[in-house]
Amino acid sequence: MHPREGAPVAMSLLEFNNLFIDLDSRRGNDERAEAEAREHALTLGLNGIHVPAHRRIIIEPLRNRLHRPYALNISRDFDSLIAFTDELPVTHDLYIYRVFHSTMTLTKSVHVKVRMHTQPGQPSQLVHPHKIPNVCIAQIGARHCVRLFFPALAQAAEGHSELSEDQLAAVYDRGLYPAICHLTPELATNWSTSYITAKLRARNLNGTYQMGTHPFPGDTAHRLGSMIKRNLQDALPWARGCLWMVQIQGVKEAHTHTPADFLASRASFEMLMNGLMRGLIRRGQSWVDVGLQISEANHVLQWRTDSHHHLAKEFSDLAQDAAARLCILPSRSYSRDYVAGLVDLSGFRATLNPNNSNTGAAYIQAYTTDKALIAHLEAGRHGLFMRGKDALQGDGDGHTPPYCRRMMAIYEGGVRHTTAARVEARIPVTLANNTMLDFPEVLLERTLCRFPAVDWWQWRQIRMSCIAETLALQNSAHPSLRYLRETLNLTAALVWLANGLNSRPDDDQYGRDVMVTSCWTADDLDHGTFLIHPPAGGPVRDLPVVRQGAIFLRGILFPPTSGVPRFSYGKELNNATWIHFFSRTPDQLRLQALPPPFIPRQRVLEAGRIPTQKRMSRLHGGQVDEALPELANLEFRIPPIPRDVAEDLPYEEQVEYGVGDMAQNLPVQLTHLWQQFLSDVMQKCGNLRGAIANASHCRLSTQERQNITQQALTHPNLATIFRRVQYRASARQEWADAFSHYFSPLDGKIPIQPQNFPNMLYWRRWAELKSLLPAAVGNMRRQLRLLFDQLAWVPEPASDRVWRYQRDDRFCMLPPDWTSNAPQILMNPSSGQPQWSPPLVDGEQDGMEDVIPRQRPRGPQPIPYLHLRQEEEDSSD
């Protein structure tokens, strides 16, 4: 607990909503008051901290536990059917697929085990059907499908459930098509004669396949199934022991009836079985989903997390202690689905008795029907969700992500929605009319919470509005702040939190990484509900924990405390999580938003490409806050560059992102830029590859290069700078082109320059000035050109680097007897012939001490002329 923080305050969901509305309503016209009220409201909504009172808020949803008076409506229904049979138990018309589609293959668990012969000559075994190779043959209606399973392929398939293309062709060519021709020759004229030709016919121009079907009469469907199975078993050894599966899903609305009414239950079950052969279904391995639904008009009912074991015991054959043990901690057999970020409210799913017994439920689940507003099956998710990259983009009217606006509209409509609580059990069909005939009243009050619909959906609106406003503040910030790692950490956490409003919070490896870096941990709080449960006897310090009744994020800094909403400095997501959420690392996102002027945008946007980082040039050591005469007349002022100076940053990062002296005018800034240009050019001069003595092409030490002045590049004696050099005279246009190369115009096309320019401070500052003051670029370049024309020489402009070293006959070599590589420079057309007088350098005569300020270190002298420095590159060409 923070030293200034008082004791936590517990409140109901309604009281929390009212507190937030009160804080949010304090916003006014005054900018400072607006920022303060916004910070207080967002901190309450996302961190669960009441800043004016210095207290944490604990939300207690159980204050809304169900109690009298209430006017509940309870209904019973049949929702789904799963049947595995040796013969096809269908009398409905079939709609048989022209081409078998892998999307219809059973690949997810149905929470039961089925007896199948997976090994020839061996007794049958209980197996999970979704691990057995299978193919969807036909549909019966919109919610019915017929599959054929091949258990003899289980060992070779090693858990994969899709058939190969050759196996699919065999099913069609050896089983399905011959049966069609034999039973209904008049219909065979509409069928392709082989699976290959069927696929060629169904193929679209973009390579996908049409989901077309052929109708087949129901009075012959049973015979068709028998003939397909016989044809395949006679022709293919791996087809022996194959089983049919009929699955009906999501039909509860059509089979609803009053609980405790045996006749109504039987009539509804008969309607469910319509078009199916009841005898075959009952003799096979078959289950039906029976549901009980509880609702109250204009209210939202939610299951209590502490009541799951009561439901498991009531609607299964588990004993009280077994049900309690099952629901203690999430496991392979039991999982919780926290609702809207409130850990005291959750649905659950539990596998109870999957081993094909007729004694009770094989599977049970409890959930609520608020998913009617937010359900959306896409990308493996069951609710509407936001991607990380969606959070980085605002809509046409501002910076708020469009997803947030859509969800706010949905939540606003939810206040008129009655949300029911449902419990479903998957039981053998033989028990369909004898199980779950009522919901005991004492169990209702022990397992449910009840909220007015206005209060419940207002909670979701508050959470989404806080997420939306925080993302909008982030998106409105300068990219240099928007793509800080701490900022993107918060963005990923907000995406995770937003998605957790519509479905259970992501708890895969990426979701867990977000939880660990974004939520309060056991090291921060004394006790609470673990979002990631520790192994027995394992450490718990860094595991995310909820102590406030709702999932709140750890400390967030808001403007004006920080330059952008972000987490306080500390924990950081790993690279795999960055890429999962945003498809790129923070550095790549920053390059995408602020593409450097030395690399074309398409190079920046290559997915998975991380540019090689080389050492940045050092800051010029002799900068003074006084403009050069050539720059003194510029009157443009530089607007403040967005920086973050919150005290949680390490000292070195505070310096890097410090505001600095923003009162400096443009002439001083350009003076610093010019001095940095001279220093950067010399810092990037390399070494002669393979040489030991006199390896560096440049005579200057690291410190001398860093502190170089303009006079060094105007002195006629090149020996003061170089040990060896190639020079050539330039025409006036060549000299002008060289200036444009080093100080590109506003709309200049810059070639790829990956070696030196990315790591030169002057180049980045020039790009920043151009983006801040586009109207002043022409004036700035004219004044810089005055300084550029005073130089005697510059490195020969190259398309991909500052310096080139290969021997070139267009250049004259100094000293004349040197025959290997040397730096190439371009002489100013206004300067005379260069001089080469090494003796003057050794004696530091002719005023050289004013050109290059020499500093002799104390102590033992280093080996002379050996300058193999880390920031320099070897000249390899």
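Being a predicted model, the structure only gives us computed values, none of them experimental.
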Heavy atoms only: give me the nearest Leu673-Arg765 pair and the separation to one decimal.
CD1-CB, 3.8 Å
Lys684/Asp680 ion pair, N-O < 4.0 Å:
no
So, for Ala468 and Thr400, which heavy atoms are closest and what is the spacing to 0.1 Å?
CB-CG2, 3.9 Å
Checking Gln474 side chain against Val564 main chain: does a donor-acceptor pair fall under 3.5 Å?
no
Spatial distance of atom CG (Leu784) from atom CE (Met780) [nearest 0.5 Å]
8.0 Å
Flag, side chain of Lys770 to backbone of Pro745, donor-acceptor distance under 3.5 Å
yes
Side-chain donor or acceptor of Gln706 paired with backbone N/O of Gln703 under 3.5 Å:
no
Could you tell me whether the side chain of Gln393 reaches within less than 4.5 Å of the side chain of Pro401, counting heavy atoms only?
no
In terms of side-chain geometry, is the basic nitrogen of Asp587 or Arg485 positioned less than 4.0 Å from the acidic oxygen of its partner?
yes
Under 30°, 30 to 60°, or over 60°: which ring-plane class applies to Tyr762 and Phe677, parallel, tilted or perpendicular?
perpendicular
Tightest non-hydrogen contact, residues Leu688 and Trp818, listed as CD2-CZ2, 3.8 Å
Quick one: are Pro559 and Pro565 in side-chain contact, heavy atoms under 4.5 Å?
yes
Any side-chain to backbone donor/acceptor pair from Ser476 onto His399? Under 3.5 Å, distance only.
no
Can you tell me how far CZ of Arg724 sits from CG of Leu718, rounded to the nearest 0.5 angstrom?
14.0 Å
Side chain Arg566, main chain Leu557, donor-acceptor under 3.5 Å
no
CG-OG distance between Leu713 and Ser831, expressed to the nearest 0.5 angstrom:
11.5 Å
Tell me, please, whether Tyr483 has Arg590 positioned over its six-membered ring: NZ or CZ under 6.0 Å from the ring centre and within 45 degrees of its axis?
no
Find out whether Val777 and Leu773 are in side-chain contact, i.e. whether some heavy atom of one side chain is under 4.5 Å from a heavy atom of the other.
no
Does any non-hydrogen side-chain atom of Ile825 lie less than 4.5 Å from one of Gln726?
no
Restricting to salt bridge (Lys or Arg N to Asp or Glu O under 4.0 Å), what partner residues turn up for Arg38, sequence neighbours left out?
none
How far apart are the C-alpha atoms of Gln588 and Ser583, what are their side-chain angles, what is the distance that settles it, and do they pass the side-chain contact (heavy atoms from CB on, under 4.5 Å) test?
CA-CA 9 Å; Gln588 291 172 318; Ser583 301; over 6 Å; no
Salt bridge (Lys or Arg N to Asp or Glu O under 4.0 Å) partners for Arg27, two or more places apart
Asp24, Glu34, Glu469
Could you tell me the separation between the CD1 atom of Ile579 and the CG atom of Asn574, rounded to the nearest 0.5 Å?
9.0 Å
Relative to the ring of Trp735, is the ring of Phe788 parallel (under 30°), tilted (30 to 60°) or perpendicular (over 60°)?
tilted
Please assess Trp674 against Gln669 for the test side-chain contact (heavy atoms from CB on, under 4.5 Å), listing each intermediate value before the final yes or no.
CA-CA 9 Å; Trp674 177 252; Gln669 289 289 329; over 6 Å; no
Please report the closest heavy-atom contact between Gln806 and Asn821, naming both atoms and the distance.
CA-OD1, 3.7 Å
Side-chain contact, heavy-atom cut-off 4.5 Å: Ile556 with Leu553?
yes
What's the separation between atom CD in Glu486 and atom CG in Leu481, rounded to the nearest 0.5 Å?
11.0 Å
Exercise: identify the closest heavy-atom pair between Cys698 and Met682
SG-CE, 3.7 Å
Carefully, step by step, assess Trp793 and Phe722 under the rule ring-ring contact (aromatic ring centres under 6.0 Å, His included).
CA-CA 12 Å; Trp793 56 269; Phe722 301 102; 5.1 Å; yes
Flag the pair Gln710 / Leu787 as yes when at least one side-chain heavy-atom distance between them is below 4.5 Å, and no otherwise.
yes
Are Arg32 and Asp30 close enough for a salt bridge, meaning some N to O gap below 4.0 Å?
no
Starting from the C-alpha separation in whole Å, work towards a yes-or-no answer on side-chain contact (heavy atoms from CB on, under 4.5 Å) for Leu392 and Leu488.
CA-CA 9 Å; Leu392 302 177; Leu488 289 172; 4.1 Å; yes
Going by heavy atoms in the side chains, are Leu678 and Thr709 under 4.5 Å from each other?
no
Do Arg554's NZ or CZ and the ring of Phe567 fall within the cation-pi criteria of under 6.0 Å and 45°?
yes
Is atom CG of Asp809 surrounded by more than 12 heavy atoms (other residues, nucleotides or ligands) closer than 6.0 Å?
no
Do side-chain atoms of Glu39 reach the backbone of Glu36 as a donor and acceptor pair under 3.5 angstrom?
no
Do Trp803 side-chain atoms and Val681 backbone N/O form a donor-acceptor pair below 3.5 Å?
yes
Listed by chain and number, what are the salt bridge (Lys or Arg N to Asp or Glu O under 4.0 Å) partners of Asp737, not counting sequence neighbours?
none
Would you check if the side chain of Asp390 reaches a backbone N or O of Arg387 as a donor-acceptor pair within less than 3.5 Å?
yes
Tell me whether the NZ or CZ atom of Arg728 lies within the 45° cone about the ring axis of Phe811 and under 6.0 Å from its centre.
yes
Would you say that Gln676 contacts Met760 through its side chain, given a criterion of any heavy-atom pair below 4.5 Å between the two side chains?
no
For Lys571, does its backbone N or O pair with a side-chain atom of Asn489 as donor and acceptor, under 3.5 Å?
yes
Decide yes or no on side-chain contact (heavy atoms from CB on, under 4.5 Å) for Ser730 and Glu796, but give the supporting numbers first.
CA-CA 10 Å; Ser730 66; Glu796 166 80 2; over 6 Å; no
Whether the side chain of Asn828 engages the backbone of Leu791 through a donor-acceptor N/O pair (distance < 3.5 Å, no angle test) should be reported.
yes
Nearest non-hydrogen partners of Thr671 and Leu628, listed with the distance
OG1-N, 3.0 Å
Quick one: CD1 on Ile708 to OG on Ser679, what's the gap to the nearest 0.5 Å?
7.5 Å
